[in-house]
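Reading through the structure tokens given below for one structure.
Just so you know, residue 1 is the first one in the sequence shown, and it goes up from there.
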Amino acid sequence: QVQLVESGGGLVQAGGSLRLSCAASGRTFSSNAMGWFRQAPGKEREFVAAVNWSSGRTYYKESVQGRFTISRDDAKNTVYLQMNSLKPEDTAVYYCAARRTTLVVTSISGYDYWGQGTQVTVSS
């Protein structure tokens, strides 16, 4: 049984930073794509960032490019999302997701496993 467990969310002032973690268990993800999505109140879930676990290549939503960094720790089977220069519009529940394949996609339907989400609130 694959499990993804997010942590690291919280309340931060605009301009601040948070680091989200997603610990994977049940299998190793050495040849899989993993991503972060978010869902703000009243809005649809959207792609934020993803990483090809085997190559390390990263992908970002345009509005977070340069502020967010996705990375992975193979030994810990964990993926991170470092979020800097946070803005109130970044407020959302952030979800970790994993694919069974290597190819990164930005669509929600392309991911096979999901975490329970962690709340990020950015105050102005």
Side-chain angles (χ1 to χ4, degrees):
Q1 182 73 16
V2 173
Q3 278 195 315
L4 302 176
V5 180
E6 303 100 333
S7 61
L11 173 64
V12 64
Q13 288 189 333
S17 299
L18 283 174
R19 188 178 80 156
L20 306 183
S21 299
C22 173
S25 62
R27 62 172 290 176
T28 58
F29 288 88
S30 60
S31 60
N32 299 83
M34 294 192 72
W36 287 95
F37 290 74
R38 68 187 181 187
Q39 187 166 16
K43 295 187 177 181
E44 294 185 350
R45 192 171 299 189
E46 64 178 6
F47 170 80
V48 175
V51 59
N52 179 309
W53 196 281
S54 60
S55 71
R57 184 173 177 180
T58 56
Y59 305 79
Y60 297 96
K61 177 182 174 62
E62 186 174 351
S63 64
V64 308
Q65 182 81 42
R67 299 190 297 122
F68 290 11
T69 303
I70 187 171
S71 62
R72 73 205 197 284
D73 184 324
D74 295 348
K76 296 182 178 180
N77 218 28
T78 298
V79 64
Y80 303 98
L81 185 67
Q82 177 67 45
M83 304 186 295
N84 299 328
S85 301
L86 282 161
K87 304 175 181 180
E89 51 263 42
D90 294 318
T91 295
V93 177
Y94 283 71
Y95 297 90
C96 174
R99 301 195 76 206
R100 293 193 183 98
T101 63
T102 300
L103 182 65
V104 168
V105 297
T106 60
S107 62
I108 296 170
S109 61
Y111 287 78
D112 304 291
Y113 308 104
W114 290 86
Q116 82 288 351
T118 185
Q119 177 71 47
V120 171
T121 303
V122 184
S123 63
S124 57

Item to check | Members besides Tyr80 in its Ile/Leu/Val/Met/Phe/Trp/Tyr cluster (side-chain heavy atoms under 4.5 Å) | outcome: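 None; Tyr80 is a cluster of one.
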Checklist entry - In the hydrophobic clustering (ILVMFWY, side-chain contacts below 4.5 Å, transitive), which residues join Val105, or is it alone? => result Phe37, Phe47, Tyr59, Val93, Tyr95, Val104, Ile108, Tyr111, Trp114
Minimum heavy-atom distance [X]-[Y], with the two atoms named:
X	Y	value
Ser124	Pro88	CB-CG, 3.9 Å
Tyr60	Ile70	OH-N, 2.9 Å
Gln119	Thr121	NE2-OG1, 3.3 Å
Asp112	Arg100	OD2-N, 2.8 Å
Arg67	Ser85	NH1-O, 2.9 Å

Item to check | Set of side-chain hydrogen bond (donor to acceptor under 3.5 Å, both in side chains) partners for Thr101, sequence neighbours left out | outcome: Arg99
Checklist outcome for this item: Applying side-chain hydrogen bond (donor to acceptor under 3.5 Å, both in side chains) to Asp73 and not counting sequence neighbours gives none
Next on the checklist: Checking Glu46 now: which residues fulfil side chain to side chain contact (heavy atoms under 4.5 Å, CB included) with it, not counting sequence neighbours?
Outcome noted: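 Side chain to side chain contact (heavy atoms under 4.5 Å, CB included) check on Glu46 returns Arg38, Lys61.
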Checklist entry - Less than 4.5 Å apart, any side-chain heavy atom of Leu86 and any of Phe68? => result yes
Checklist entry - Are any non-hydrogen side-chain atoms of Val120 and Met83 less than 4.5 angstrom apart? => result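 When only atoms from C-beta onward are counted, Met83 and Val120 do touch, with a gap below 4.5 Å.
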Checklist entry - When rounded to the nearest 0.5 angstrom, what distance separates CG in Asn52 from CZ in Arg72? => result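 Going from the CG atom of Asn52 to the CZ atom of Arg72 covers 8.0 Å.
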Show me the donor-acceptor pairs, under 3.5 Å and distance only, between side chains in residues 3-16 and residues at least two apart or in other chains.
{"residue": "Glu6", "atom": "OE1", "partner": "Gln116", "partner atom": "N", "Å": "3.0"}
{"residue": "Glu6", "atom": "OE1", "partner": "Gln116", "partner atom": "NE2", "Å": "3.4"}
{"residue": "Glu6", "atom": "OE1", "partner": "Gly117", "partner atom": "N", "Å": "2.9"}
{"residue": "Glu6", "atom": "OE2", "partner": "Cys96", "partner atom": "N", "Å": "2.8"}
{"residue": "Glu6", "atom": "OE2", "partner": "Gly117", "partner atom": "N", "Å": "3.2"}

